[in-house]
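Here is the structure we will look at, set down as structure tokens.
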Amino acid sequence: MDRALAELLNPPTGVVALAATHVESGRTWRHNEHLRLPAASLIKLPILAAFWETVEAGRLDPGERVSVSAEALRVEGTGVLKALAPGLQPTWSDLATLMITVSDNVATNMIIDRLGMEAIQGWIDKAGLAETRIERRMMDRSAMSSGRGNWTSAADMEAVLIAIAAGTCVSGEASREIRRVLEAQQIQDRLARRRGEGVRVANKTGNFADVIHDAAIANWSEGTLVIAVLTQGVPPPWHAMDAIAEIGALLVQVCAESG
């Protein structure tokens, strides 16, 4: 099994980064864990935490309805809002849910604009996520052309998920809300694909160009595995997805067998 894991973590082309912890035993797995990589949609996880921090500070009402303008709908990439007519009035909480469960870029940009990138980066810095930065809105081609990007690492994503699992991400209530949304995730083609019988996965994926990621809290009757697997330049994309699924399955098996 160690040999199989080593092969998955060292592909012929590209890089794989792993940070994982078996909560009950404290056992960890690390590989390129502090390598800063393009975050893709994993950046939406700290955005969600900053969202709930703003709610708890009384600066945002999650039940307030907001109109989705025609301009807001002009965003490339994932999501469902861009396929709907302008004028829809979801709540801020609805937008936060869509940002995670279907990785909606329209919803994400509306939340970024409402919170402000400085406030989001402020939460990231307070959380000690040394490799994570938000420098642009989702699919902002002009910002990309000028060299601005969103960045993170496997270690940073694992740290956020460990806090969520422990109920210490922003607060206990915020952690429960974040986990509820992660558990409703609709993109199940990586860590959740080979979850095994009785294993529940709460996750957030990310993919853009040659970047394929997934980060999750995996639970079974007697255990919890927090895992982040980030990849870049592993061709083709389905091979990176297969590797992520296999890494998750191997580590869940190890943890379950060890009790």
Side-chain angles (χ1 to χ4, degrees), residues 1-23 26-49 100 103 121 124-125 127-135 149-165 169 182 185 187-195 201-218 224-255:
M1 190 169 292
D2 288 344
R3 187 181 303 113
L5 182 59
E7 289 177 0
L8 290 164
L9 293 174
N10 295 280
T13 303
V15 295
V16 176
L18 167 68
T21 298
H22 180 217
V23 173
R27 185 176 179 185
T28 62
W29 292 263
R30 300 284 184 268
H31 183 78
N32 291 329
E33 70 274 17
H34 290 294
L35 180 64
R36 179 179 277 181
L37 294 170
S41 286
L42 287 187
I43 198 66
K44 295 168 184 175
L45 191 51
I47 293 172
L48 184 61
I100 299 299
S103 207
Q121 187 63 48
I124 290 167
D125 293 343
L129 308 181
E131 286 92 40
T132 302
R133 289 201 58 79
I134 180 168
E135 299 175 346
N150 298 327
W151 309 91
T152 195
S153 66
D156 281 1
M157 288 296 101
E158 180 202 36
V160 176
L161 291 171
I162 286 174
I164 294 166
C169 185
L182 291 173
Q185 176 61 249
I187 304 171
Q188 303 280 288
D189 57 5
R190 279 155 254 188
L191 289 171
R193 177 151 54 94
R194 293 198 54 204
R195 69 182 71 196
V201 174
N203 71 299
K204 180 71 195 83
T205 60
N207 53 277
F208 178 70
D210 66 343
V211 166
I212 305 286
H213 306 323
D214 203 358
I217 303 169
T224 300
L225 175 71
V226 174
I227 178 171
V229 188
L230 282 59
T231 77
Q232 184 172 26
V234 179
W238 61 262
H239 186 74
M241 292 180 182
D242 285 352
I244 293 170
E246 185 68 17
I247 290 167
L250 283 172
L251 294 191
V252 168
Q253 181 182 344
V254 170
C255 295

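Please read all numbers here as calculations on a predicted model, not as lab measurements. Scope of the values below: all heavy atoms of this structure, side chains included, with no hydrogens, waters or symmetry mates.
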**Request:** Verify, without hydrogens or angle tests, whether Asp156 (side chain) and Glu131 (backbone) share a donor-acceptor contact under 3.5 angstrom.
**Result:** yes
Contacts under 3.5 angstrom, residues 233-246 side chains, donor-acceptor by atom type, not counting sequence neighbours:
{"residue": "Asp242", "atom": "OD1", "partner": "Arg193", "partner atom": "NH1", "Å": "3.4"}
{"residue": "Asp242", "atom": "OD1", "partner": "Arg193", "partner atom": "NH2", "Å": "2.7"}
{"residue": "Glu246", "atom": "OE1", "partner": "Arg194", "partner atom": "NH1", "Å": "2.0"}
{"residue": "Glu246", "atom": "OE2", "partner": "Arg194", "partner atom": "NH1", "Å": "3.4"}

**Message:** With a 4.5 Å cut-off on side-chain heavy atoms, are Ile247 and Ile227 touching?
**Reply:** yes
**Fill in**
Here the gap from His213 atom NE2 to Ser41 atom OG, rounded to the nearest 0.5 Å, amounts to 9.5 Å
**Prompt:** Looking only at heavy atoms, which two atoms of His22 and Thr224 are closest? And how far apart?
**Reply:** CD2-O, 3.4 Å
**Message:** Show, in sequence, the C-alpha distance, side-chain angles and deciding distance for Asn10 and His31, and conclude whether the side-chain contact (heavy atoms from CB on, under 4.5 Å) test is met.
**Reply:** CA-CA 9 Å; Asn10 295 280; His31 183 78; 3.5 Å; yes
**Request:** Over all heavy atoms of both residues, which pair between Glu33 and Ala19 is shortest? Give the atoms and the distance, please.
**Result:** CB-CB, 4.1 Å
**Message:** Can you tell me how far apart CG (Asp189) and CG (Asn203) are? Round to the nearest 0.5 Å.
**Reply:** 9.0 Å
**Request:** Compare every heavy atom of Ala20 with every heavy atom of Leu251, then report the nearest pair and how far apart it is.
**Result:** CD1-CB, 3.7 Å
**Prompt:** About how many Å separate OG1 of Thr231 and CG of Leu18, when rounded to the nearest 0.5 Å?
**Reply:** 12.0 Å
**Request:** Return yes if some donor-acceptor pair links the side-chain N/O of Arg30 with the main-chain N/O of Ala155 below 3.5 Å, else return no.
**Result:** no
**Any side-chain heavy-atom pair of Asn32 and Leu37 under 4.5 Å** = no
**Asked** Could you give the distance from CG (Asp2) to CH2 (Trp29), rounded to the nearest 0.5 Å?
**Response** 10.0 Å
**Prompt:** If you measure from CD1 on Ile47 to NZ on Lys204, what distance do you get to the nearest 0.5 Å?
**Reply:** 10.0 Å
**Request:** Verify, without hydrogens or angle tests, whether Gln185 (side chain) and Ile100 (backbone) share a donor-acceptor contact under 3.5 angstrom.
**Result:** yes
**Complete:** All heavy atoms of Leu161 vs all of Ala216, minimum pair found to be CD1-N, 3.3 Å
**Prompt:** Quick one: salt bridge (charged side-chain N to carboxylate O under 4.0 Å, His left out) pairs with a partner in residues 8-22, sequence neighbours left out?
**Reply:** none
**Complete:** Checking Val229, Leu45, Ile162, Asp214 against Met157 for side chain to side chain contact (heavy atoms under 4.5 Å, CB included), the one that qualifies is Leu45
**Prompt:** Roughly how far, to the nearest 0.5 Å, is CD of Glu135 from CD of Gln121?
**Reply:** 8.0 Å
**Complete:** The single option from Ile124, Thr132, Ile134 that satisfies side chain to side chain contact (heavy atoms under 4.5 Å, CB included) with Thr152 is Thr132
**Prompt:** Between Cys255 and Arg27, is any pair of side-chain heavy atoms under 4.5 Å apart?
**Reply:** no
**Prompt:** How close do Leu191 and Gly248 get, heavy atom to heavy atom, and via which atoms?
**Reply:** CD2-CA, 3.8 Å
**Request:** Would you check if Leu8 and Val16 make a side-chain contact, meaning some heavy-atom pair closer than 4.5 Å?
**Result:** no
**Prompt:** Nearest heavy-atom pair of Ala154 and Leu230: which atoms, and what distance?
**Reply:** N-CD2, 3.7 Å
